[in-house]
**Student:** 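First the structure, then my questions, so here it is.
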Amino acid sequence: MQYAKKYILAIIIGTVVGMLTLVGQKYLPINLNFLANSGAVWLIPAFLLSYFEKGNKLHTIATTIVCLLGCVYGYYIFEAVLNHHAFMLDRWILLWSGVALIAGAVFGIGAFFANLENSKLKYIGLNLLPAVFTAEGLDNVIHIEDYSHMVPAVIMKIIIGIILYLVINRKDAIKLKNMISYVVITALGVVAFAVLSGNI
């Protein structure tokens with residue numbers, strides 16, 4: 001019963017975030033529109049919910065996945081309602097559902113290890129989410145010619161990454177091992193973005 005309430009909360013949060021994403025795509029100005037066009041933004045509520053719940057590994061992974069699936073289906077069902085067409089499980093919904101399952105598992109495990117005091121993977125878990133945003137922002141800086149029309153958005157991505165680092169790490173934020181982990185994971189993230197964009 002306790003877990004059921006948490007899964008319901010994850011569904012509600014995910015659905016609301018998915019709906020707000022659609023609204024944001026329509027109404028946010030260009031310098032803030034990335035908040036509604038980046039799948040990484042959905043990771044924030046999913047990861048933080050699992051992280052602060054401090055559940056066991058399976059529960060943490062499940063909560064993260066459920067929240068992300070809520071984002072996906074909240075977005076597409078709300079889109080169908082707004083545009084007056086039937087909701088159908090097309091290839092995009094199935095693709096994003098697959099991404100939600102994979103990302104939910106990865107970031108759910110990250111949230112779990114972030115709460116383990118004596119785990120060697122603790123710092124990786126703590127810095128997984130902040131590094132995603134910082135790496136995306138730095139990738140945009142590297143290819144600033146493609147993002148010259150949205151420089152404030154690029155800067156904001158990096159700031160969000162740093163804020164997430166401070167919020168998630170709190171008392172561990174100034175630990176050398178933690179800062180090194182954050183920098184290393186961010187660097188790996190920059191490489192990953194370069195590979196995904198075909199620049200490597």
Side-chain angles (χ1 to χ4, degrees), residues 8-51 63-108 128-164 167-168 186 189-190 192-199:
I8 291 171
L9 177 62
I11 292 171
I12 292 172
I13 291 175
T15 301
V16 170
V17 170
M19 294 169 66
L20 289 175
T21 300
L22 188 66
V23 173
Q25 288 177 344
K26 186 171 183 180
Y27 296 109
L28 285 176
I30 191 167
N31 284 321
L32 293 176
N33 203 257
F34 79 93
L35 291 169
N37 281 301
S38 172
V41 172
W42 287 355
L43 292 171
I44 296 177
F47 180 91
L48 292 181
L49 177 62
S50 298
Y51 173 66
T63 300
T64 311
I65 290 174
V66 168
C67 188
L68 288 175
L69 287 174
C71 291
V72 173
Y73 288 90
Y75 176 90
Y76 282 105
I77 291 173
F78 191 47
E79 188 276 331
V81 171
L82 282 184
N83 293 312
H84 308 289
H85 65 77
F87 171 76
M88 296 179 61
L89 287 174
D90 59 21
R91 64 189 182 95
W92 290 110
I93 296 176
L94 294 175
L95 173 64
W96 279 106
S97 296
V99 171
L101 290 172
I102 296 170
V106 171
F107 282 83
L128 202 55
L129 181 62
V132 168
F133 284 89
T134 309
E136 185 176 5
L138 291 175
D139 177 73
N140 293 166
V141 170
I142 293 170
H143 305 99
I144 196 63
E145 65 277 1
D146 298 326
Y147 298 92
S148 57
H149 61 294
M150 50 184 292
V151 172
V154 172
I155 296 171
M156 192 173 293
K157 289 179 186 179
I158 297 173
I159 291 174
I160 289 174
I162 294 171
I163 290 173
L164 286 170
V167 169
I168 293 171
T186 298
V190 171
F193 276 111
V195 170
L196 290 172
S197 62
N199 292 310

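Model, not experiment: these values are computed from the prediction. The analysis underlying the following values was restricted to heavy atoms, covering all of them including side chains, and did not include hydrogens, waters or symmetry mates.
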**Student:** Would you name the heavy atoms of Pro45 and Ile13 that are closest together and state the gap between them?
**Tutor:**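 Result for this residue pair: CB-CG2, 3.9 Å.
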**Student:** For the residue pair Ser50 and Thr64, confirm or rule out a side-chain donor-acceptor distance under 3.5 Å.
**Tutor:** yes
**Student:** Which heavy atom in Leu48 sits nearest to a heavy atom in Ile168, and how many Å separate them?
**Tutor:**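 Between these two residues, the closest heavy atoms are CD2-CG1, 3.8 Å.
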**Student:** Could you work out, with side chain to side chain contact (heavy atoms under 4.5 Å, CB included) as the rule, every residue matching Val99, not counting sequence neighbours?
**Tutor:**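 Expected list: Trp96.
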**Student:** From the options Ile158, Ile162, Leu164, Ile163, select the one residue that forms a side chain to side chain contact (heavy atoms under 4.5 Å, CB included) with Ile160.
**Tutor:**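 The side chain to side chain contact (heavy atoms under 4.5 Å, CB included) with Ile160 is passed solely by Leu164 among Ile158, Ile162, Leu164, Ile163.
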**Student:** Indicate yes or no: at least one non-hydrogen side-chain atom of Leu9 is less than 4.5 angstrom from one of Thr63.
**Tutor:**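 No. Closest side-chain heavy atoms not under 4.5 Å.
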**Student:** Whether the side chain of His143 engages the backbone of Asp139 through a donor-acceptor N/O pair (distance < 3.5 Å, no angle test) should be reported.
**Tutor:** yes
**Student:** For Leu95, enumerate each residue passing the side chain to side chain contact (heavy atoms under 4.5 Å, CB included) test, keeping only those at least two apart in sequence or located in another chain.
**Tutor:** Trp92
**Student:** On a heavy-atom basis, which atom in Thr134 and which in Gly161 lie closest, and how many Å separate them?
**Tutor:**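 Reported closest heavy-atom pair: OG1-CA, 3.4 Å.
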**Student:** Would you compute the distance between atom CG of Leu69 and atom CD1 of Ile11 and round it to the nearest 0.5 angstrom?
**Tutor:** 9.0 Å
**Student:** Under 4.5 Å between any side-chain heavy atoms of Ile93 and Phe87, yes or no?
**Tutor:** yes
**Student:** With sequence neighbours left out, what residues match Ile142 under side chain to side chain contact (heavy atoms under 4.5 Å, CB included)?
**Tutor:** Val190
**Student:** Heavy atoms only: give me the nearest Leu129-Ile44 pair and the separation to one decimal.
**Tutor:** CD2-CA, 4.0 Å
**Student:** Looking only at heavy atoms, what is the nearest atom pair of Cys67 and Ala46, with distance?
**Tutor:**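 Heavy atoms of Cys67 and Ala46 come nearest at SG-CA, 3.7 Å.
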**Student:** List in chain and number order the residues that pass side-chain hydrogen bond (donor to acceptor under 3.5 Å, both in side chains) with Asn83, two or more places apart in sequence or in another chain; answer none if no residue qualifies.
**Tutor:**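 Expected list: Glu79.
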**Student:** How close do Ala135 and Gly189 get, counting heavy atoms only, and between which atoms?
**Tutor:** CB-C, 3.6 Å
**Student:** Name all pairs fulfilling the salt bridge (Lys or Arg N to Asp or Glu O under 4.0 Å) condition that reach into residues 144-161, sequence neighbours left out, sorted by first residue then second.
**Tutor:**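 Of all non-adjacent pairs touching residues 144-161, those that pass salt bridge (Lys or Arg N to Asp or Glu O under 4.0 Å) are Glu136-Lys157.
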**Student:** What pairs with Met150 under side chain to side chain contact (heavy atoms under 4.5 Å, CB included), at least two apart in sequence or on another chain?
**Tutor:**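 Side chain to side chain contact (heavy atoms under 4.5 Å, CB included) check on Met150 returns Asn31, Phe34, Tyr147, Ala153.
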**Student:** Under a 4.5 Å cut-off applied to non-hydrogen side-chain atoms, are Leu68 and Leu43 in contact?
**Tutor:**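 Of all side-chain heavy-atom pairs linking Leu43 with Leu68, at least one is under 4.5 Å.
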**Student:** Test of understanding: with side-chain hydrogen bond (donor to acceptor under 3.5 Å, both in side chains), list the residues that count as partners of Thr186, not counting sequence neighbours.
**Tutor:**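 None.
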**Student:** A side-chain contact here means heavy atoms from C-beta on lying under 4.5 Å apart; do Phe133 and Val41 qualify?
**Tutor:** yes
**Student:** If you look only at distance, which donor and acceptor atoms sit under 3.5 Å apart when one is on a side chain in residues 70-78 and the other is two or more places apart or in another chain?
**Tutor:**
from  : atom 1 : to    : atom 2 : distance (Å)
Tyr73 : OH     : Ser97 : OG     : 2.8
Tyr75 : OH     : Gln25 : OE1    : 2.7

